[in-house]
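A short worksheet on the structure shown next.
These numbers come from the heavy atoms of this one structure, side chains and all, not from hydrogens, waters or symmetry mates.
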Amino acid sequence: MNIFNSLGSNYDLSTAMRILFAVGSAGAKRRLIKGLESRYGGKAILTYKGREALLLALRALPEKGAVVMNGFTCLAVYEAIVASGHEVCYVDVPAHELEFSPESLREVLATRNDIKAVIVQNTLGIPCDMRQIHALCREHGVVLIEDLAHSIGARYASGEETGTIGDFVVLSFGQDKVVDAVAGGVLIVRASSFASAVRKPEQHVSLVRQLKDRLYPLLSISVRAAYKLGFGPIYHACIRSLRLLSTPLGEPSEKVRSLPGWYCSNILRQMDYLPAIAKHREEIAKIYAVHLEGSLLPHRVFRHIPHSSNVRFPIFIQGRNRLCAHMKTHGIRIADTWYDAPVAPKKYLRRTNYRSGTCPHAEHLAERIVNLPTHVNVSQDDARAIASLINEWARADLALPYHVRAANESAWEDFIRRQKPHSFLHSWKWGLLQEETGSRVFRLGAYKGGNLVAIALLIRTQARRGTFLLCPHGPLMAAGEDSAPIFNLLVEECTRLGRAEGCDFLRFCPLAEDSERDRALYRNAGFRDAPIHMHPELAWMLDITRSEDELLREMRKTTRYLVRKMEKDGVEIARSNDPADIEKFWPIYEATAARQHFTTFKKSDLRKEFELYAKDDQALFFFGSQRGSLVAAAIIIFYGGQAFYHHSGSASYDAGGANVSYLLQWRVIQEAKRRGCTLYNLWGIAPDDRPDHPWAGLSLFKKGFGGFAERYVHAQDKPLSAKYGLNYLVETARRIKRGF
């Protein structure tokens, strides 16, 4: 089989050619508008994207305030709320269910009087109890927006079609939706009181964007065919690198564009076929529901199928990544999950203000949900085969316990690159570096069957205050796994190793999000907060996937000015991969340490580190010179799609080092982009509430480039001997002395 959830799976060759050569007209627009207005009972306004239609609705609200969205939905909804000037108010889904909860909404409306609107997205086409939600909105004078991104043609339990109850209705005709025209959206203004407040879009879709949309079905078909022939990953990567594939999500935008007529002709055709498409999806969903193991299915699954649009079929399972990998070997690619985070996709969660623990039910679902395809190119025989493969895998997987053993380098590196977040401090090479500098190193891998699901790099660290096993920026556990048993198994093995090595304690410095769940995981395993941190626990990150012009615009005004001024002043930034240039770096680094009162690393250790990573083109020196004098320097590590600002130094402010550092950092960003990195990790910053922190000035410098903070769980210690008490006192005194 060669089956995808997405990647143009709604299209066959005839559909692709029809879209490629579609001709638009004012008549097609009028017919589409007339049909939508008749179907949904309101004024229809066509937009290029569904999120743009939502933005129009939110801008029409007479007052700014909070807008409710369920915590298991798409980034597009969040960004539309923010772009409209409103505040996002999250409402959790019920336990083990996907639909919007009237009970949760009732609680929010009872405690907040600033709610202006409620957006209901019937996730995966599963309709909620809209009548109850509508009654609550009427009672509290709140605007109700029905988002039919997944649920065109679905029906509520009351028998009413989705989109016939709210004050506004938003439809999306984007990729992989029920009605898929590559792009397109519509706002239905059902409440006459808002008709005059909604502005028609005045901007237009660029010809380049339209061409990419026309080509998308044909290109996606060719990519899917390439996977079947065995060269899909290479071909797919080439197409993406050339940016030929139209993508549903891009950068945040406040644009609202009108929909060209040629999209309308394709939407009209698909709307005509909607009953047949809906019948097919329902039949496929019923096959999954009948043939899959009951433990994999959401509650009340049979109740939903007749009313749902069944845009995809959800199941819940531990070890999602392993299942997806298994299905991939059979040509079934289902790894693109709706939704893998409370505000999805997970890779963009940092663009939101969502905080862990806000919607715990949604977080739990996001770790376990897998979507199965129901589109027109999945036959009933395909669905039965998919269900059979999943059942076989689930039975075998449940019979396999987790176990810990040593991991090899290729498996280790392959695993770490797939984890988010990760850092080079847990790389295989970092362990090699510690071994070369005299430490004992242990590399543990937790396996389920033959699959690596967690890793832990342990470094035996000896100090006068005590000996301990250090786990830098780890352990790392695969998303979607049941973390508690894996973690406890790792801790058990680490404890055994620590005692065998005569250690006084374990110290884990995790990159886990600073959440109550992760803190509880450590407490339950016998850990306590360490008196100091070993590595940054509040890191400043910069998303460098955007263009250079966008990055410059998002810098602080002073930062941007100094970057440009240094360029005009003829400041030179040189790069080097020669380890011998540690001799140029060292005086600048040493002088900075003396001026700012921090302890340097050994020169020999820095040279070994640089040599190790530079050998595979993963490290560079950057040197900044002004009027022939070297005044700024940095060591940058490139690893796993990120650049890391690891070591640096500059001359005093009077000598111009501070200003030159601005241009040096900009050159680092440019180099990282050239290498295809997506993030620049500027390392640690001071908390906002600590203006007296030793890093306050450096933090201001880093934040000037734009970006966002990531806060991790504080370093955790597990005492193994009574000597830990002495270590605790010594490190506490050291922390106080340093002002941290």
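- Salt bridge annotation for Lys49-Glu79: absent, with no cationic side-chain nitrogen under 4.0 angstrom from a carboxylate oxygen.
- Ring-plane geometry between Tyr339 and His150 is classed as parallel, the angle between the planes falling under 30 degrees on a 0 to 90 degree scale with a further cut at 60.
- The side-chain heavy atoms of Ile386 and Met327, taken from C-beta on, include a pair separated by under 4.5 Å.
- Residues Leu296 and Phe316 are not in side-chain contact: their nearest non-hydrogen atoms beyond the backbone lie 4.5 Å or more apart.
- Put simply, OG on Ser258 and CD1 on Ile45 are 12.0 Å apart, with the number rounded to the nearest 0.5 Å.
- Residues Val170 and Gly50 share a closest heavy-atom pair of CG1-O, 3.3 Å.
- Between the side chains of Tyr288 and Thr374, no donor-acceptor pair is found at a separation under 3.5 Å.
- Two residues are said to be in side-chain contact when any heavy atoms from C-beta on lie closer than 4.5 Å; Asn5 and Trp338 fail this criterion.
- Looking at Ser101, its side chain does come within 3.5 Å of a backbone N or O of Ser104 through a donor-acceptor pair.
- In terms of heavy-atom proximity, Ile133 sits nearest to Cys128 at CD1-SG, 3.7 Å.
- Atom CZ in Arg51 sits 10.5 Å away from atom CG in Leu54 (nearest 0.5 Å).
- Taking all atoms of both residues into account, the shortest heavy-atom contact from Tyr156 to Gly163 is OH-N, 4.2 Å.
- Tyr11 and Asp180 are linked by a side-chain donor-acceptor pair at a separation below 3.5 angstrom, with hydrogens and angles left out of the test.
- A donor atom on one side chain and an acceptor atom on the other are not found under 3.5 Å apart for Asn70 and Thr73.
- Summarising the local packing, OH of Tyr273 is surrounded by 12 or fewer heavy atoms from other residues, nucleotides or ligands at distances under 6.0 Å.
- The shortest heavy-atom contact between Ile152 and Ser172 is CD1-O, 3.9 Å.
- No donor-acceptor distance shorter than 3.5 angstrom exists from the side chain of Arg190 to the backbone of Asp167, with no hydrogens or angles considered.
- Under the 30°/60° scheme for interplanar angles, the aromatic rings of Tyr90 and Tyr78 are found to lie parallel.
- Heavy-atom neighbours of Lys420 NZ from other residues, nucleotides or ligands within 6.0 Å: at or below the threshold of 12.
- The distance from atom CG of Asp92 to atom CG of Leu105, rounded to the nearest 0.5 Å, is 13.0 Å.
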Exercise for review: Show your reasoning for whether side chain to side chain contact (heavy atoms under 4.5 Å, CB included) applies to Val142 and Val68.
Suggested key: CA-CA 10 Å; Val142 171; Val68 171; over 6 Å; no
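- At a threshold of 4.5 Å between non-hydrogen side-chain atoms, the residues Glu254 and Arg59 count as touching.
- Salt-bridge check for Asp272 with Arg269: failed, with every basic side-chain N at 4.0 Å or more from each acidic carboxylate O.
- Although no hydrogens or angles enter the test, the distance criterion places a donor-acceptor pair under 3.5 Å between the side chain of Glu37 and the main chain of Ala44.
- When side chains are defined from C-beta on, Asn353 does not count as touching Val82, because their heavy atoms never get closer than 4.5 Å.
- Under the 3.5 Å distance criterion, the side-chain polar atoms of Arg320 are matched with a main-chain donor or acceptor of Ile369.
- Between the side chains of Asp12 and Ser14, at least one donor-acceptor pair of N or O atoms lies under 3.5 Å.
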**Study point:** side chain to side chain contact (heavy atoms under 4.5 Å, CB included) assessment of Leu171 paired with Leu187
**Key:** CA-CA 7 Å; Leu171 291 87; Leu187 174 65; over 6 Å; no
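- The closest side-chain heavy-atom distance from Val186 to Tyr40 is not below 4.5 Å.
- Between the side chains of Ser6 and Asp336, at least one donor N or O sits under 3.5 Å from an acceptor N or O.
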Exercise for review: For Arg553 and Glu550, run side chain to side chain contact (heavy atoms under 4.5 Å, CB included): C-alpha distance rounded to whole Å, both residues' side-chain angles, the deciding distance at 0.1 Å, then the answer.
Suggested key: CA-CA 5 Å; Arg553 279 197 302 271; Glu550 289 173 312; 3.1 Å; yes
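- Side-chain contact check for Asp213 and Tyr48: at least one donor-acceptor pair (N or O, by modelled atom type) lies under 3.5 Å.
- Between the side chain of Gln270 and the backbone N or O of Val179 there is no donor-acceptor pair closer than 3.5 Å.
- Taking a 6.0 Å sphere around CG of Leu242, one finds it holds more than 12 heavy atoms contributed by other residues, nucleotides or ligands.
- Counting non-hydrogen atoms of neighbouring residues, nucleotides and ligands closer than 6.0 angstrom, the CZ atom of Arg138 reaches no more than 12 such neighbours.
- Going from atom CD1 of Ile221 over to atom OG1 of Thr15 covers 7.5 Å, rounded to the nearest 0.5 Å.
- Applying the 6.0 Å contact sphere to CZ of Arg199 captures no more than 12 heavy atoms from other residues, nucleotides or ligands.
- Residues Gln210 and Leu207 are in side-chain contact: their nearest non-hydrogen atoms beyond the backbone lie under 4.5 Å apart.
- A 6.0 Å sphere centred on CG of Leu229 holds more than 12 heavy atoms belonging to other residues, nucleotides or ligands.
- For the pair Gln121/Val77, a side-chain contact is recorded, criterion being any heavy-atom separation below 4.5 Å from C-beta on.
- Checking side-chain atoms of Ser308 against main-chain N and O of Ile305 turns up no donor-acceptor pair under 3.5 Å.
- Aromatic rings from Tyr263 and Phe173 are positioned such that their centres are separated by 6.0 Å or more.
- Judged purely by atom type and a 3.5 angstrom limit, Arg312 has no side-chain atom pairing as donor or acceptor with the backbone of Leu124.
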**Study point:** Full working for side chain to side chain contact (heavy atoms under 4.5 Å, CB included) between Val378 and Phe313
**Key:** CA-CA 12 Å; Val378 174; Phe313 187 87; over 6 Å; no
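- Under 4.0 Å is where a charged nitrogen must lie from a carboxylate oxygen, and between Arg39 and Glu161 at least one such pair does.
- Minimum interatomic distance between Val256 and Gln203 (heavy atoms only, all atoms of both residues): N-OE1, 3.5 Å.
- A side-chain donor-acceptor contact under 3.5 Å links Ser84 to the backbone of Ala80.
- The number of heavy-atom neighbours closer than 6.0 Å to CD of Gln380, taken from other residues, nucleotides and ligands shown, is above 12.
- Between the side chain of Ser38 and the backbone N or O of Gly35, no donor-acceptor pair lies under 3.5 Å.
- Heavy-atom contacts from other residues, nucleotides or ligands closer than 6.0 Å to NE2 of His330 number more than 12.
- Minimum heavy-atom separation, Arg224 to Leu7: NE-O, 2.9 Å.
- Between atom CG of residue Leu219 and atom NE2 of residue His236 there is a gap of 10.0 Å, rounded to the nearest 0.5 Å.
- Put simply, CG on Asp543 and SG on Cys677 are 12.0 Å apart, with the number rounded to the nearest 0.5 Å.
- Proximity of a side-chain donor or acceptor of His280 to a complementary backbone N or O of His375 within less than 3.5 Å is detected.
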